[in-house]
Amino acid sequence: MSDNNENPAGDPAADGSTADGTAAQELRRRTVQCMVVPLPSDVLPAGVEPYDADSLFTQLDNDPETDTRKRIALAAVPTTAGQLPPAPEVTVVKMPSHRAAALVRDPRVHIERDHHLRVTSASPEAVATSGINPGVQLKAAPVTPVSFLVTGKGAGPLADATIVVMSPEGNFQSSTGPDGRATVNLAIHDLGSISAVYVKAAYDFWETYQDLPALSLTADNAVELRPLADSFPALLTGQVRGWGLAAMGLDQVPPNYRGQGIKVAVIDSGCAAQHPDLAARIVGGLDLVDGDEPDQWSVDVIGHGTHCSGVIASSDNARGILGIVPEAEVHVCKVFPGGRYSGIIEALNYCVQQGVDVVNLSMGSDEPSALLSQAIDQARQAGVACVVAAGNSGGRVQFPGRLPTVLTVAAMGKIGQFPEHTFHAQQVKGQPDRNGYFSAAFTCYGPEVDVCAPGVAILSTVPECGHLCEDGTSMATPHVTGLAALVLAHHPDFRDGYRARDAQRVDRLFDIIRSSCDQLDFGDAFRTGAGLPNAARALSLTATVAGATTPELAQLREAMQNAGLLTATSNEVLGPLDDIRRLLRAAGLLSAG
């Protein structure tokens with residue numbers, strides 16, 4: 001069944017046509033997409049019989065005003081204490097608002113809007129509009145075309161570059177053709193109010209940001225972008241380890257710590273699995289956007305999921321970039337473009353069935369969802385850890401980052417990791433600390449923030465085979481997801497007391513990451529949570545003397561492990577210094593005195 005109200009344009013009105021003979025159509029409200037579940041008998045009023053899932057689905061399917069989209073049957077969750085019963089089956093349905101209101105009044109069901117989610121990217125293109133903001137006069141502004149020519153230094157014209165012109169009356173954007181040219185049509189009353197121009201290549205170049213631009217209305221406005229290779233020459237000859245990995249102490253981790261045996265899922269916009277940095281890392285996926293098309297999860301038209309996947313698991317193949325867990329098994333769940341809560345629920349169900357260990361959720365919404373909350377908790381009960389972006393609105397933490405069952409990540413940056421002419425430089429909030437670290441201006445904040453991580457000018461993979469520096473809590477989150485996978489693979493706790501896949505395993509993982517953090521003083525603890533995670537400390541690798549970390553001892557332990565003189569779990573029994581002394585004595589390298 002279908003309802004023509006789901007078409008925003010609607011059908012031609014019954015009263016005929018316009019004066020010029022074209023069909024007129026009535027302006028009316030579209031249908032809304034909702035999630036509906038039957039409530040169990042133990043929460044119903046006395047004497048009220050519950051629906052079963054089949055009868056509820058049949059009733060909705062037979063309703064001429066509704067369009068049933070899908071049924072999501074959630075699997076039962078195995079735990080060490082037995083098996084949790086499955087959550088109620090979710091029916092996703094489109095219906096007019098009055099039908100949704102009628103279901104709200106039915107005590108036998110729970111119904112909620114299936115809200116859209118946003119990827120948490122901080123680029124201006126993510127918020128570009130073509131409308132007039134509230135407070136501006138509503139009379140239509142004249143349209144002024146402004147032309148641009150975008151080239152890359154040493155590369156000539158750049159196709160598919162994004163141009164955003166910003167003003168108080170709205171942001172307006174376009175993209176370049178094969179000749180590097182684009183026209184941006186500005187519906188602005190006062191061209192002198194234009195505040196900035198932002199230009200971003202599809203891949204392999206730094207973006208540029210010009211405030212108070214003096215735009216020509218009669219000639220091309222020329223913009224030349226700098227290659228990323230100017231700042232990362234190893235992109236041409238070898239492999240780059242991003243600044244975020246060093247900031248989190250991942251350069252102190254033994255080279256054999258690579259996330260072996262751990263499954264990571266990236267619920268996002270898909271992933272360009274053919275990218276040379278990722279081709280050997282993506283093992284499978286689920287497409288909830290294109291439906292029946294096979295393997296469409298490997299097509300990423302947004303690029304967001306590919307960027308997140310690269311931070312987590314890019315191969316150690318002596319080229320491109322190096323991921324945090326280059327030997328983890330990565331699953332891709334495609335829910336964007338058009339991502340909704342129902343897609344996240346279905347993707348989490350896939351993760352439970354596949355035995356995924358850590359899920360990366362670089363997305364958010366202002367609207368809560370009881371059903372998504374339940375799905376995340378079901379995943380937690382199955383030992384699936386959800387690492388979630390705080391959001392990029394600069395306001396309160398978004399949902400599902402507000403939940404206590406997830407690990408919520410805010411974003412920070414570092415001075416010196418980007419050119420001053422880029423939009424990255426606009427993200428510095430307050431005074432950087434003595435290490436050059438700063439809170440990102442865009443990051444959401446609040447008591448729900450657990451940790452912060454690198455999220456400004458993060459170099460990673462983009463379709464089809466390129467690289468780009470991006471900003472966002474979306475970029476911070478995969479740093480923590482990668483660390484979580486590393487801890488699960490190599491921390492001794494998860495080979496012994498917390499081996500079982502249950503909620504205690506997830507809680508212990510989150511506790512380890514929070515307790516590993518270096519505190520950051522940005523003047524507001526709600527922007528940092530516990531601070532910046534330290535990988536060596538999270539893995540119990542960093543030796544300490546009088547409370548000071550000593551990377552030299554960590555490197556010595558690594559060398560001894562590689563030589564077979566030290567087991568990965570020995571620091572569970574003895575302190576790091578005692579452990580090293582004992583083994584050196586046993587090898588005849590240190591006297592008993």
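Sequential numbering from 1 along the given sequence is applied to the chain's residues.
Taking W206 as the reference, S231 meet the side chain to side chain donor-acceptor pair (under 3.5 Å) condition, with sequence neighbours excluded. Remark: Y437 engages no residue in a ring-ring contact (aromatic ring centres under 6.0 Å, His included) (not counting sequence neighbours). With sequence neighbours excluded, the residues forming a ring-ring contact (aromatic ring centres under 6.0 Å, His included) with Y198 are F423, listed by chain and number. Applying the side chain to side chain contact (heavy atoms under 4.5 Å, CB included) criterion to Y203, with sequence neighbours excluded, gives V462. F399 meets the ring-ring contact (aromatic ring centres under 6.0 Å, His included) test with Y341; sequence neighbours excluded. V406 pairs by the side chain to side chain contact (heavy atoms under 4.5 Å, CB included) definition with I376, C386, V388, L403, T408, not counting sequence neighbours.
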(request) Evaluate the side-chain contact (heavy atoms from CB on, under 4.5 Å) criterion for residues V36 and H110: first the C-alpha distance (whole Å), next the side-chain angles of each, then the deciding distance (0.1 Å), finally the verdict. (result) CA-CA 6 Å; V36 185; H110 171 82; over 6 Å; no
(request) Evaluate the side-chain contact (heavy atoms from CB on, under 4.5 Å) criterion for residues V456 and K414: first the C-alpha distance (whole Å), next the side-chain angles of each, then the deciding distance (0.1 Å), finally the verdict. (result) CA-CA 8 Å; V456 178; K414 186 179 181 181; over 6 Å; no
(message) Pair R99, V93 - check side-chain contact (heavy atoms from CB on, under 4.5 Å), show working.
(response) CA-CA 11 Å; R99 289 292 296 118; V93 60; over 6 Å; no
(message) Test side-chain contact (heavy atoms from CB on, under 4.5 Å) on V165 and F148; report intermediate values, then the result.
(response) CA-CA 11 Å; V165 179; F148 291 84; 4.0 Å; yes
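No side-chain heavy atom of V90 sits under 4.5 Å from any side-chain heavy atom of S342. Proximity of R505 to L488: side-chain heavy atoms (C-beta onward) are separated by under 4.5 Å at one or more points. Residues Q398 and D366 have side chains in contact (heavy-atom distance under 4.5 Å, counting atoms from C-beta outward). Counting only heavy atoms from C-beta outward, the side chains of M248 and P454 approach each other to under 4.5 Å. V311 is listed as a side-chain neighbour of H479, based on a closest heavy-atom distance under 4.5 Å. Counting heavy atoms from C-beta outward, F418 and C469 have side chains that stay 4.5 Å or more apart. Side-chain contact between I324 and I312 is absent, with no heavy atoms from C-beta onward closer than 4.5 Å. A 4.5 Å side-chain heavy-atom check between H424 and E207 finds at least one atom pair inside the cut-off.
Counting only N and O atoms by type, the side chains of T162 and Q173 include no donor and acceptor under 3.5 Å apart. When only modelled atom types and interatomic distance are considered, N360 and T477 share no side-chain donor-acceptor pair under 3.5 Å. T405 and R380 share no donor-acceptor pair across their side chains, judged by distance under 3.5 Å alone.
Summarising the geometry of S474 relative to A389, their closest heavy-atom pair is N-CB, 4.3 Å, with the distance given to 0.1 Å. Between W297 and D287, the closest heavy-atom pair is N-CB, 3.9 Å. Considering all non-hydrogen atoms of both residues, L486 and G259 come closest at CD1-N, 4.0 Å. In terms of heavy-atom proximity, S365 sits nearest to E367 at OG-N, 3.0 Å. Looking at every heavy atom in both residues, R319 comes nearest to Q239 through O-NE2, 3.1 Å. Nearest heavy-atom pair across P326 and S314 is CB-O, 3.4 Å.
Between R501 and D357, at least one side-chain nitrogen of the basic residue sits less than 4.0 Å from a carboxylate oxygen of the acidic one, meeting the salt-bridge criterion. Using a 4.0 Å cut-off between charged nitrogen and carboxylate oxygen, D114 and K94 do not count as a salt-bridge pair.
Proximity of a side-chain donor or acceptor of E112 to a complementary backbone N or O of A370 within less than 3.5 Å is detected. No donor-acceptor pair closer than 3.5 Å links the side chain of S269 to the backbone N or O of D300. Between the side chain of S298 and the backbone N or O of A273 there is no donor-acceptor pair closer than 3.5 Å. No donor-acceptor pair closer than 3.5 Å links the side chain of D204 to the backbone N or O of G466. Side-chain N or O atoms of R281 include one that pairs as donor or acceptor with a backbone N or O of A328 at under 3.5 Å. Side-chain N or O atoms of N392 include none that pairs as donor or acceptor with a backbone N or O of T443 at under 3.5 Å. A donor-acceptor contact shorter than 3.5 Å is absent between the side chain of S315 and the backbone of N317. Remark: the backbone N or O of V146 is not paired with any side-chain donor or acceptor of T183 at under 3.5 angstrom. Panel note: side chain T66, backbone T68; no donor-acceptor pair is recorded below 3.5 Å. Proximity of a side-chain donor or acceptor of T306 to a complementary backbone N or O of A272 within less than 3.5 Å is detected.
Distance check: L186 CG to E169 CD gives 10.0 Å after rounding to the nearest 0.5 Å. One distance of note links CE of M412 with CD of Q427; it measures 14.0 Å at 0.5 Å rounding. Note that OG of S369 is 10.5 Å distant from CD1 of I344, once rounded to the nearest 0.5 Å. Here T461 contributes atom OG1 and L278 contributes atom CG; the two are 4.5 Å apart, rounded to the nearest 0.5 Å. Atom NE2 of H116 and atom CD of Q33 lie 7.5 Å apart (nearest 0.5 Å). A distance of 5.0 Å separates CH2 of W243 from CD1 of I458, quoted to the nearest 0.5 Å.
Counting heavy atoms of neighbouring residues, nucleotides and ligands inside a 6.0 Å radius, atom CZ of F336 exceeds 12 of them.
Considering V299, L286, I302 in turn, V299 is the only one that fulfils the side chain to side chain contact (heavy atoms under 4.5 Å, CB included) rule with K334.
A distance of 6.0 Å or more separates the ring centres of H275 and H307.
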